[in-house]
Participant: 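Take this structure, written in structure tokens, and hold onto it; I'll ask about it next.
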Amino acid sequence: MDQKVKDYVSGKVKEMIGAASCCMEAKAAGQAWLDAVGTDKEAEQTKKLIGQLEMDIMPVDGLIAFADSEAGAQVFGAETAKNVAAHGREIKAAGAKYCDCPACNAVAAILEKKEELL
């Protein structure tokens, strides 16, 4: 893996881990990857990281559906859930494929480098 790509992805993984919207599984996979960079475990952890992130990134339709649901109202609060759903519709109309929270933005950037990572 090219050092520039490794540095870029390392930065994005750190952004993802630091995002309040990042789930525990993605944080764990990200930290395991960071810990493995430069070791004989790097390739294995890279595959695990990519697999986890592909499962965790939130498609914009999923964001909207969740925000419109009872569970979304419980997580966000009723008013915020309405705002999140409206925001999801706005970004979808603008062409977004995924949620644009800090964690999903970082994940999308990492996944754009998938071929270079593997």
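Values below: every heavy atom of this structure, side chains too, minus hydrogens, waters and symmetry copies. Along the sequence shown, residues are numbered consecutively beginning with 1.
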Participant: If we only count heavy atoms from C-beta on, is the Phe66 to Val75 side-chain gap below 4.5 Å?
Facilitator: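 With C-beta onward as the side chain, the pair touches.
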Participant: Between Met58 and Tyr98, is there a side-chain heavy-atom distance shorter than 4.5 Å?
Facilitator: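 The answer is no, as the side chains (C-beta and beyond) never meet within the 4.5 Å cut-off.
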Participant: Within the structure provided, determine whether Glu79 and Asn83 are in side-chain contact (heavy-atom separation under 4.5 Å).
Facilitator: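 Touching, per the 4.5 Å side-chain cut-off.
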Participant: If I compare all heavy atoms of Ala26 with all of Cys22, which pair ends up nearest, and what's the gap?
Facilitator: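 The answer is CB-SG, 3.7 Å.
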Participant: For the residue pair Glu42 and Lys6, establish whether any side-chain heavy-atom pair is separated by less than 4.5 Å.
Facilitator: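 Glu42 vs Lys6: side chains touch.
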Participant: Looking at side-chain heavy atoms only, is the closest gap between Glu116 and Asp2 below 4.5 Å?
Facilitator: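 Heavy-atom side-chain distance check fails, nothing below 4.5 Å.
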Participant: List the steps, then state whether side chain to side chain contact (heavy atoms under 4.5 Å, CB included) holds for Met16 with Leu53.
Facilitator: CA-CA 10 Å; Met16 176 193 73; Leu53 300 186; 3.4 Å; yes
Participant: If only atom types and distance count, is the side chain of Gln52 paired as donor or acceptor with the main-chain N or O of Lys48 below 3.5 Å?
Facilitator: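 A pair under 3.5 Å: no.
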Participant: If you define the side chain from C-beta out and look only at heavy atoms, does anything of Lys47 sit under 4.5 Å from Leu117?
Facilitator: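 No, every pair of side-chain atoms sits at 4.5 Å or beyond.
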Participant: Would you find a donor on one side and an acceptor on the other, under 3.5 Å apart, between the side chain of Lys27 and the backbone of Ile17?
Facilitator: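 Yes: the side chain of Lys27 pairs with the backbone of Ile17.
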Participant: Kindly compute the distance separating NZ (Lys97) from CD1 (Ile91), expressed to the nearest 0.5 Å.
Facilitator: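 Rounded to the nearest 0.5 Å, the NZ-CD1 separation comes to 13.0 Å.
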Participant: What are the two closest non-hydrogen atoms of Ala67 and Val84, and how far apart are they?
Facilitator: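 Scanning both residues, the minimum pair turns out to be CB-CG1, 3.7 Å.
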Participant: When you look at Val60 and Cys99, which way does the side chain to side chain contact (heavy atoms under 4.5 Å, CB included) test go after all the steps?
Facilitator: CA-CA 5 Å; Val60 71; Cys99 170; over 6 Å; no
Participant: Rounded to the nearest 0.5 Å, what separates atom CD1 in Ile50 from atom CH2 in Trp33?
Facilitator: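 Output value for this atom pair is 9.0 Å.
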Participant: Treating Thr80 as the side-chain partner and Gly77 as the backbone partner, does any N or O pair qualify as donor plus acceptor under 3.5 Å?
Facilitator: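 A pair under 3.5 Å: no.
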Participant: In terms of side-chain geometry, is the basic nitrogen of Arg89 or Asp68 positioned less than 4.0 Å from the acidic oxygen of its partner?
Facilitator: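 Salt bridge present between Arg89 and Asp68.
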Participant: Taking C-beta and beyond as the side chain, do Asp56 and Val107 meet within less than 4.5 Å on heavy atoms?
Facilitator: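 Result no, sub-4.5 Å side-chain heavy-atom pair not found.
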Participant: Measure across Ala106 and Glu15 and return the closest heavy-atom pair with its distance rounded to 0.1 Å.
Facilitator: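 It is CB-CB, 4.2 Å.
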Participant: Return yes when atom CD of Glu70 has more than 12 non-hydrogen atoms of other residues, nucleotides or ligands closer than 6.0 Å, and no otherwise.
Facilitator: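 Count not over threshold, so no.
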